[in-house]
Amino acid sequence: MTTYTITLSDAEDKALHVVAMSAQDWIDNAVHERCRIAIEEIVSAEVQRKLAAGESITGSKDDIVMAADIESAAERQTRMEAEQAAILAGA
């Protein structure tokens, strides 16, 4: 389990309380919903990949996500920057 901490300025905290009864509940809901969407995307892509490869699909959604060979956003950004640099160097 991972714990994240967020720091808001006084103005940000005041503004968040205009749209949320509980800032913590709103933040928790936003993060959990984004994670749920990403899990669905990863599982869908893995199921399609496995079906195309004739592989069996086993385990829970969490198991599928943990076993998936996927790039993080940071890894993807680094790869794309390297590809862009290579293109520019060849131009």
> For I64 and G59, which heavy atoms make the closest approach, and how far apart are they?
Replying inline: CD1-O, 4.2 Å

> Does V65 reach the side chain of V43, with side-chain heavy atoms less than 4.5 Å apart?
Replying inline: yes

> Is a side-chain donor or acceptor of S44 paired with a backbone partner of E40 at a separation under 3.5 angstrom?
Replying inline: no

> Taking it one step at a time, do I70 and I42 satisfy side chain to side chain contact (heavy atoms under 4.5 Å, CB included)?
Replying inline: CA-CA 8 Å; I70 52 178; I42 294 164; 3.6 Å; yes

>> Do V19 and M21 sit in one hydrophobic cluster, given that two such residues count as connected whenever their side-chain heavy atoms are within less than 4.5 Å of each other, even indirectly?
In response: no

> Atom CD1 in I39, atom NE2 in H32: separation rounded to 0.5 Å?
Replying inline: 10.5 Å

> Looking only at heavy atoms, which two atoms of H17 and D13 are closest? And how far apart?
Replying inline: ND1-O, 2.8 Å

> Going from OG on S72 to CD on Q77, what distance comes out if it is rounded to the nearest 0.5 angstrom?
Replying inline: 10.5 Å

> Rounded to the nearest 0.5 Å, what separation is found between the OG atom of S22 and the CD1 atom of I27?
Replying inline: 8.5 Å

>> To the nearest 0.5 Å, what is the distance between CG on D62 and CE on M66?
In response: 8.5 Å

>> Run the side chain to side chain contact (heavy atoms under 4.5 Å, CB included) test against R79 and tell me which residues pass, sequence neighbours left out.
In response: E71, R76, E83

> CD of E12 to OG1 of T7: how many Å apart, nearest 0.5 Å?
Replying inline: 9.5 Å

> Mind checking whether I6 and L16 sit in one hydrophobic cluster, side chains of I, L, V, M, F, W, Y counted as touching below 4.5 Å?
Replying inline: yes

>> Check whether E81 reaches the backbone of T78 with its side chain - one donor and one acceptor, N or O, closer than 3.5 Å.
In response: no

Could you pull out every donor-acceptor pair under 3.5 Å between side chains of residues 48-57 and any protein atom, sequence neighbours left out?
{"from": "R49", "atom 1": "NE", "to": "E46", "atom 2": "OE2", "distance (Å)": "3.1"}
{"from": "R49", "atom 1": "NH2", "to": "E46", "atom 2": "OE1", "distance (Å)": "3.1"}

